[in-house]
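Input: a single structure, listed below in structure tokens.
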Amino acid sequence: MQSDGLKHLPECLDRETQQEIVDILRICIGDAPLYTPAMPRSGRPFSVRMTNLGVLGWVSDKNGYRYQEHHPTTGRPWPAIPERIMDIWHKVSGYQHPPEACLVNYYKGKARMGLHRDEDEADMNAPVVSISLGDSAVFRIGGTDRRDKTGSIKVHSGDIIVMGGPARLAYHGIDRTLAGTSTLLKDGGRINLTLRRVTVPS
Ligand code: SIN
Ligand code: FE2
């Protein structure tokens, strides 16, 4: 497990803040609905549903992984990253420039995220900031090589994970979510917000 550069901030957001963010997200998702991405080449559907906020959104389909300015099904620009979420980035990232992408992942039932690295960004100096809302989950993190030993961290609603420095390119994923562990989302499940700087600031 790459612990250098990895920060787990338990209960970083209080319940009221979490609720405020969920309320804002509902409006954003009304404009930019959750959709089911597909794996490059095979076109196999992800078990996680996604959408994005920000000038750039991370998408995956048969043609590969990339960042783009428009929602793949509505064709509209992604909604802006709400100020409430921007504030969190500035508080915990230690990075001067704003994030350009906020990936919204929604996990329900057996949804999971396989081990991967966040490597589609040009700016690797900025950390990845990941916010957990709703049901708890088992977050797995290894090193920068896929074969490196991994460890798991239980993440709960309101927790924040920062992957910076040597941990910026660590393999990570979500083994599973633990249904019924939070009352934050009225239909259950888990939302993860992943904030990233994509381009190198000029
Ligand atoms: C991701 O790495 O894209 C998601 C991590 C998480 O859901 O906590
Ligand atoms: Fe990731």
Side-chain angles (χ1 to χ4, degrees), residues 1-2 5-13 18 21-22 25 34-40 45-54 56-61 64-67 78 81 85 88-89 92-93 99-121 123-124 126-144 146 148 150-179 181-182 184-185 188-198:
M1 167 148 94
Q2 179 57 63
L6 174 71
K7 271 190 274 183
H8 177 207
L9 312 172
E11 294 173 71
C12 197
L13 309 176
Q18 295 172 40
I21 293 174
V22 169
L25 286 174
L34 291 165
Y35 63 93
T36 300
M39 290 296 288
F46 281 45
S47 58
V48 175
R49 291 198 293 150
M50 293 183 179
T51 188
N52 287 271
L53 312 174
L56 291 171
W58 185 88
V59 300
S60 176
D61 61 20
Y65 302 144
R66 65 188 173 278
Y67 280 95
W78 308 102
I81 300 176
I85 296 174
I88 298 171
W89 169 271
V92 305
S93 71
E100 294 162 301
C102 175
L103 174 64
V104 181
N105 290 313
Y106 181 63
Y107 298 77
K108 188 83 205 263
K110 290 197 181 321
R112 59 188 306 280
M113 175 92 62
L115 219 55
H116 66 279
R117 302 199 301 177
D118 290 9
E119 56 186 0
D120 302 317
E121 301 74 32
D123 186 357
M124 287 296 164
V128 169
V129 171
S130 167
I131 303 168
S132 291
L133 297 165
D135 284 340
S136 303
V138 181
F139 178 79
R140 182 161 297 280
I141 180 153
T144 50
R146 191 180 274 284
D148 291 343
T150 65
S152 69
I153 299 173
K154 219 181 251 183
V155 286
H156 306 286
S157 196
D159 287 11
I160 295 185
I161 295 240
V162 183
M163 291 187 286
R168 174 62 184 77
L169 280 168
Y171 277 88
H172 62 278
I174 292 289
D175 288 354
R176 62 201 166 93
T177 60
L178 309 171
T181 47
S182 167
L184 185 71
L185 306 178
R190 172 176 185 262
I191 292 175
N192 164 260
L193 302 176
T194 300
L195 293 162
R196 304 188 193 109
R197 178 76 200 187
V198 181

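One-based numbering, in listed order, for ligands and for the atoms of each.
With a 4.5 Å cut-off on side-chain heavy atoms, V48 and Y107 count as touching. Side-chain contact check for I21 versus I191: every heavy-atom pair is 4.5 Å or farther apart. Taking the side chain as every heavy atom from C-beta outward, I153 and L6 approach each other to under 4.5 Å. W78 is not listed as a side-chain neighbour of V104, based on a closest heavy-atom distance of 4.5 Å or more.
Closest protein heavy atom to atom 3 (O) of ligand 1: N105 ND2, 3.5 Å. Of the protein's heavy atoms, H172 NE2, 2.9 Å lies nearest to atom 2 (O) of ligand 1.
Using a cutoff of 4.0 Å between basic side-chain nitrogens and carboxylate oxygens, E100 and R196 are not scored as salt-bridged.
Close contacts between ligand 1 and Y107 involve ligand atoms 4 (C), 5 (C), 6 (C), 7 (O) [criterion: under 4.0 Å to a heavy atom]. Interface of R190 with ligand 1, defined as ligand atoms under 4.0 Å from a residue heavy atom, comprises 6 (C), 7 (O), 8 (O).
Rounded to 10°, the angle formed at the Fe ion (ligand 2) by H172 NE2 and H116 NE2 is 90°.
When you scan the N, O or S atoms of D118 for the one nearest the Fe ion (ligand 2), you land on OD1.
When all heavy atoms are compared, the tightest approach of P166 to T144 is O-CG2, 3.8 Å.
Residue N192 has at least one nitrogen or oxygen atom sitting less than 3.5 Å from a nitrogen or oxygen atom of ligand 1, judged on distance alone.
Taking only non-hydrogen atoms, the option from M50, H116, R112 nearest to atom 1 (C) of ligand 1 is H116.
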